[in-house]
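When a ligand or atom number is given, it counts from 1 through the structure's own listing order. Residue numbers start at 1 and run along the sequence shown. This one's a predicted model, so the numbers in the text were calculated from it and none came from an experiment.
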Amino acid sequence: MNTRTIDLRSDTVTRPDAAMRKAMADAEVGDDVLDRDPTMAALEERVAATLGYDAALWVPSGSMGNLIALMIHLRRGDAFLAPEHAHVLGSELGTAAWLAQGMPQVLPHDAGPGRPTPNSVAAATGAGPYYALATTLLCLENTHNFAGGAVFDVDEWNGLLGAARQANLLVHLDGARVWNAAVALDVQVSDLTRGADTVQVCLSKGLGAPVGSMLASDSSRITEARRIRKMLGGGVRQGGILAAAGLLALDNIDSLACDHANARRLADGLRERGWSVEQPQTNIVLADGPMSVGELATLGIAAVTVTGRTRFVTHRDVSEADIDEALARLGDA
Ligand SMILES: *Cc1c(COP(=O)(O)O)cnc(C)c1O
């Protein structure tokens, strides 16, 4: 039996391909901390334009991008809103609280998986007694990872932005996989990112770069973000080697559609084999089945558990044939 592991733990496992490694090797570089690296500058300019913002900053991880945004937006003791199971709530070691000094307040998924309604934003805000928290920020996540790569569309985005502005909230979008949302909805990425105060996007997930996320905003906030990045130890020198990978990664947006098709194929196959599966909107499949992730591992299928369910993530390093192979192994078992 072929027991090569089919790695569906995350789209972060994607490795740079030969073309990306060559672009990295050939990258023009400078010292980005002293006086900018030209390839970094080119990447930051391209991402800012793609997302519909004045400026963008490369950061080593999405967690750092989110943290810098929260550090810019929050003052000590401010409350911020985020949908249940958001990455900023449970997957960043509480840095939103202990470094950005915010008090988290969870919003329900009352508009559907991963999605709060504008009403629940409004209900969580408004003037209270003098000892109430000041709620100053709304954090949204598109796609919502732990809700199964769930997407909200342009109308919902604008509705939530409207509710936030009505309540005088700043808005940060955790768009780690907003590329997937744009492909799933067949809209421009900027339609799903424009209008916030800050947006964080990942290059190192489905797009296939080895390292890197981007934070986009207006120029003055990005100037401040560059200072905070340095403070957190995230200033890099010849970053062009990483930025070159990021520039190539941006050419991979359209091919996310293959990952989405593979996720649907996997979901259908799991259902045929008796699993209870949520229909995937993007590249993440949440399922309940007769096997634990430990038992899946013995079949050479790597997955993880999130919020009590098994999560499979499709990506550019697993093919349609790999999905069929995984399903065949499950069928035999
Ligand atoms: C992966 C991810 C991040 C950032 O992750 P890093 O591993 O720090 O790059 C942020 N938000 C969401 C929703 C994610 O899935």
Side-chain angles (χ1 to χ4, degrees), residues 8-16 47 51 56-71 80-96 99-100 104 106-107 109 113-116 137-152 157 171-182 184 189 192-193 196 198-216 225 228-229 232-234 236 239 242-243 245-246 249 256 259 263 280-286 303-307 311-315:
L8 300 168
R9 288 171 302 164
S10 177
D11 44 12
T12 55
V13 303
T14 44
R15 295 174 188 194
V47 169
L51 300 180
L57 181 74
W58 182 94
V59 284
S61 69
S63 298
M64 190 186 284
N66 285 340
L67 173 58
I68 291 172
L70 267 57
M71 288 177 77
F80 69 96
L81 309 175
E84 188 174 13
H85 302 307
H87 202 275
V88 288
L89 293 176
S91 302
E92 300 181 7
L93 298 110
T95 51
L99 295 176
V106 178
L107 293 177
H109 295 184
R115 295 139 53 206
L137 174 67
L138 172 64
C139 291
L140 293 168
E141 189 173 309
N142 200 9
T143 68
H144 193 298
N145 180 347
F146 287 3
V151 168
F152 55 77
W157 171 235
V171 179
H172 172 66
L173 176 67
D174 179 351
R177 294 186 182 80
V178 75
W179 321 104
N180 297 79
V189 179
L192 294 170
T193 55
T198 45
V199 180
Q200 183 279 120
V201 296
C202 289
L203 304 171
S204 65
K205 294 193 167 157
L207 299 187
V211 184
S213 282
M214 307 294 299
L215 183 67
I228 297 176
R229 181 185 70 176
L232 296 172
V236 299
L242 299 169
L256 294 172
D259 301 347
Q281 296 177 275
T282 54
N283 68 326
I284 299 179
V285 180
L286 289 183
V304 298
T305 304
V306 301
T307 66
R311 189 190 73 174
F312 303 89
V313 184
T314 58
H315 54 77

Paired with L256, the side-chain contact (heavy atoms from CB on, under 4.5 Å) test is passed by just one of L207, T282, T314, N283, namely L207

Would you check whether S204 has a nitrogen or oxygen atom less than 3.5 angstrom from a nitrogen or oxygen atom of ligand 1? no

Can a side-chain donor-acceptor contact be found between E92 and H87 if the only test is distance below 3.5 angstrom? yes

Rounded distance [0.5 Å steps], SG in C139 versus CG in N66: 7.5 Å

Find out whether F152 and H144 are in side-chain contact, i.e. whether some heavy atom of one side chain is under 4.5 Å from a heavy atom of the other. no

For P16, all residues meeting side chain to side chain contact (heavy atoms under 4.5 Å, CB included), sequence neighbours excluded: M20, R21, P210

Is there a side-chain contact between Q281 and T143, using heavy atoms and a 4.5 Å cut-off? no

With a 4.5 Å heavy-atom cut-off, do R229 and W58 have their side chains touching? yes

Would you mind telling me if ligand 1 is within reach of the side chain of N66, the backbone, both or neither, using heavy atoms under 4.0 Å? side chain

Is any heavy atom of the protein nearer than 4.0 Å to atom 7 (O) of ligand 1? no

Would you call M64 a ligand 1 contact, heavy-atom distance under 4.0 Å? no

Enumerated ligand 1 atoms positioned under 4.0 Å from heavy atoms of E141: 13 (C)

Counting heavy atoms under 4.0 Å, the part of S63 that contacts ligand 1 is both

Heavy-atom contact under 4.0 Å between R177 and ligand 1? yes

Which residue owns the protein heavy atom closest to atom 11 (N) of ligand 1, what's the atom, and how far is it? D174 OD2, 2.6 Å

Nearest protein heavy atom with distance in Å, relative to atom 1 (C) of ligand 1: K205 NZ, 1.2 Å

For G62, counting its heavy atoms only, list the atoms of ligand 1 lying under 4.0 Å from any of them. 4 (C), 6 (P), 8 (O), 9 (O)

If I take atom CG from residue L192 and atom CH2 from residue W179, how far apart are they, to the nearest 0.5 angstrom? 11.0 Å

Would S213 count as a polar contact of ligand 1, with the cut-off being nitrogen or oxygen pairs under 3.5 Å? no

So the atoms of ligand 1 within less than 4.0 Å of a heavy atom of S61 turn out to be 8 (O), 9 (O)

If you take all heavy atoms of Q200 and D174, which pair is closest and at what distance? NE2-OD1, 3.0 Å

N or O contact, E92 vs ligand 1, cut-off under 3.5 Å: no

I want to know if ligand 1 touches C202 in the polar sense, i.e. an N/O pair below 3.5 angstrom. no

